[in-house]
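Following: one structure in structure tokens, then a few remarks.
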Amino acid sequence: MTMQNTDMQNTGNKTVEDLISRSNRLGADKRNTNFAGGNTSAKGTEKDPVTGEDVQLLWVKGSGGDLGTLKAENLAVLRLDRLNALKNVYPGVDREDEMVAAFDYCLHGKGGAAPSIDTAMHGLVDAAHVDHLHPDSGIAIATAVDGEALTTKIFGNKVVWVPWRRPGFQLGLDIAAIKEANPQAIGTILGGHGITAWGATSEEAEQNSLWIIEQAEKYIRDNGRAEPFGPKLPGYAALPEAERRAKAAALAPVIRGLASTDKPQLGHFSDDAVVLDFLEAAEHPRLGALGTSCPDHFLRTKVKPLILDLPADASVEDSISRLHELHADYREDYQAYYDRHATQQSPALRGADPAIVLVPGVGMFSFGANKQTARVAGEFYLNAINVMRGAEAISTYAPIEESEKFRIEYWSLEEAKLARLPKPKSHATRIALVTGAASGIGKAIATRLAAEGACVVIADLNLENAQAVADELGGADVAIGVQADVTDEAQVSAAIDAAVLAFGGLDLVVNNAGLSISKPLLETTEKDWDLQHNVMAKGSFLVAKAAAKVMIAQEMGGDVIYISSKNSVFAGPNNIAYSATKADQAHQVRLLAAELGEYGIRVNGINPDGVVRGSGIFAGGWGAKRAAVYGVDEQELGKYYAQRTLLKREVLPEHVANAAAVLTSAELSHTTGLHIPVDAGVAAAFLR
């Protein structure tokens with residue numbers, strides 16, 4: 001018998017290929033569903049490699065996948081006969097969560113994703129192709145106070161209303177019964193949640209899904225009120241862009257610190273017109289307090305946001321003061337919400353800080369355990385605003401009950417999903433800015449920090465090179481590239497603001513930018529001296545000052561690292577300007593460690609030596625000059641440096657990066673004011 005490959009990497013099945021194509025098309029348009037929201041499925045036949053007989057299978061998007069980027073390996077594959085047989089052992093709605101574990105006994109083949117809670121919705125409905133989506137227009141109908149009547153009015157008997165029910169096996173049974181009782185129906189509106197549609201072919205299911213979405217959009221557009229959020233509030237209009245972003249940068253570290261009270265968070269800022277228009281309207285406090293409705297929304301955004309109740313032109317100082325008060329109130333309110341609904345079986349409270357903070361005239365700050373999660377949380381709240389707009393345009397927004405939100409948020413299945421997440425890396429949730437990071441030591445440090453889970457700002461004189469390195473590291477959810485001349489205070493400030501707006505704040509800076517001019521005293525010009533000191537001594541001072549301001553505002557501690565040099569303590573020939581400024585940097589480490597310790601900010605230094613390969617300094621002429629001083633070929637300079645060390649090993653940029661990673665990790669949480677040599681052992685440069 002020829003064994004069939006059932007590895008999910010191998011499609012070779014038109015049913016699967018059509019499902020993936022349909023899913024990708026639906027997921028690519030955010031009108032249809034949000035990132036990682038909704039799921040799609042298809043039923044078909046493959047040969048069982050054990051019996052050689054045809055077997056009926058269900059392919060369905062697995063837990064945690066995203067429709068827009070769905071691949072074969074993101075599908076769960078189940079045997080339909082076994083899935084349908086679960087109806088015979090279903091213990092009832094009070095124990096329906098047990099059915100999720102039972103899905104594992106229905107799996108077919110190897111590989112693939114874990115089945116999601118919505119698997120029953122797809123498997124039990126008697127249709128070859130099923131789509132479950134979260135379109136803003138559909139959820140607007142689903143959250144309208146008269147959603148059931150609107151469903152009939154808009155769709156006739158082609159779409160059936162399903163009262164709110166938490167996702168699970170019973171909802172799958174309910175929709176299956178509706179499909180059987182309404183042969184003319186093409187789908188449902190799920191109260192408070194979204195839509196489900198089906199079809200005999202993949203094309204038909206997709207067309208039916210899009211028809212429901214488009215009909216809902218058309219009805220809202222043709223019948224909606226002109227100002228669904230009410231009249232504009234005087235003084236709450238969006239600030240001009242430059243002023244708006246400057247205020248956002250000033251507030252972001254404080255807001256991130258508040259949102260990280262229970263555990264560190266990464267942030268995302270958005271001044272999308274959807275948010276700014278919402279915050280300018282009179283009804284935004286009422287609607288914001290009602291919170292979101294779709295489970296995918298409030299699992300990301302929490303049940304409601306924190307909204308600053310001051311006009312757009314409120315000062316930064318007044319805004320910060322009020323944010324502290326509102327944050328304390330928010331935490332008390334969230335604790336009360338938990339206490340109202342928690343039982344002895346409920347998971348412990350996961351944290352009482354907001355995931356969404358809205359500032360009139362400025363925009364939205366969203367938070368999560370990583371940059372993507374923070375960004376997506378903001379996107380979900382944009383969806384929620386669109387939902388509220390649609391519902392208020394044609395009716396009154398009425399999300400699901402608070403008790404039901406709690407049942408979702410503190411669901412044992414959700415807790416189990418969180419428990420399966422991999423252990424965070426050493427620098428997860430940390431935001432780093434590295435100067436001179438487009439090449440050499442700086443690039444190696446940025447690369448290592450990103451590999452350890454940090455978000456990294458690549459700051460360099462050459463913007464194009466900085467952006468290229470950021471792209472190499474994974475793009476905007478991991479790193480951004482910015483242009484920065486560290487001798488210019490305005491450019492340093494702009495780079496720090498870029499970090500704050502990109503990731504929410506700043507935890508770690510590496511003063512690495514540098515250059516070297518190798519000349520004896522009598523040949524060193526005033527211009528040489530000033531250039532060396534401006535870039536490294538003054539530049540490090542400016543970066544440390546701007547970074548410390550953010551770190552102090554965050555109240556989360558932080559790290560400042562100086563890439564100094566063996567030359568800061570070693571007196572070598574023909575090197576007066578470079579070595580003097582490195583000594584300046586070395587003493588800045590001690591001075592700032594003494595000054596910033598009270599804020600939990602650690603300041604440490606690294607003293608490399610002989611880092612030739614990959615070094616921008618050596619490639620820029622320094623290598624040739626040092627080789628001439630020592631009487632060796634420039635190509636052999638690295639080996640020459642290695643032979644004069646105690647360990648006889650060449651020092652590479654990655655070795656300096658190793659030291660930076662260790663110094664800024666929790667392993668050395670009680671270390672400040674230290675200089676670590678990374679020189680393979682130069683006795684003349686010993687620090688003690």
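Bear in mind the structure is a predicted one, so any value in this text is a computation, not a measurement. Excluded from the calculations below are hydrogen atoms, water molecules and symmetry mates; all remaining heavy atoms, backbone and side chain alike, are included. Residue indices begin at 1 and follow the sequence shown.
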- Message: Checking R331 against D262 for the salt bridge (charged side-chain N to carboxylate O under 4.0 Å, His left out) test, could you report, in this order, the C-alpha distance in whole Å, the side-chain angles of both residues, the deciding distance, and whether it holds?
- Response: CA-CA 10 Å; R331 287 178 60 83; D262 286 320; 2.9 Å; yes
- The reported gap from OG in S319 to NZ in K247 (rounded to nearest 0.5 angstrom) is 4.0 Å
- State the OG-CD distance between S260 and Q554, to the nearest 0.5 angstrom. 7.5 Å
- Query: Can you tell me how far CZ of R300 sits from CZ of F35, rounded to the nearest 0.5 angstrom?
  - Reply: 6.5 Å
- What distance do S540 atom OG and D584 atom CG have between them, rounded to the nearest 0.5 Å? 8.0 Å
- Query: Tell me, do Y578 and S565 make a side-chain contact under 4.5 Å, heavy atoms counted?
  - Reply: yes
- Message: Quick check for you: to the nearest 0.5 Å, what is the distance between Q585 atom CD and K538 atom NZ?
- Response: 14.5 Å
- Plane angle bin for Y334 and Y410 - parallel if under 30°, tilted between 30 and 60°, otherwise perpendicular: tilted
- Atom pair CD1 (I606) and CG (D679), whose distance is rounded to the nearest 0.5 Å: 12.0 Å
- Message: Quick one, L308 and L326 - any side-chain contact, counting heavy atoms below 4.5 Å?
- Response: yes
- Task: Before giving the answer on side chain to side chain contact (heavy atoms under 4.5 Å, CB included), spell out for D609 and N567 the whole-Å C-alpha distance, their side-chain angles and the decisive distance to 0.1 Å.
- Result: CA-CA 8 Å; D609 183 50; N567 288 37; 4.2 Å; yes
- Given salt bridge (charged side-chain N to carboxylate O under 4.0 Å, His left out), test E415 with R350 step by step and report yes or no. CA-CA 10 Å; E415 187 72 8; R350 298 193 192 103; 2.8 Å; yes
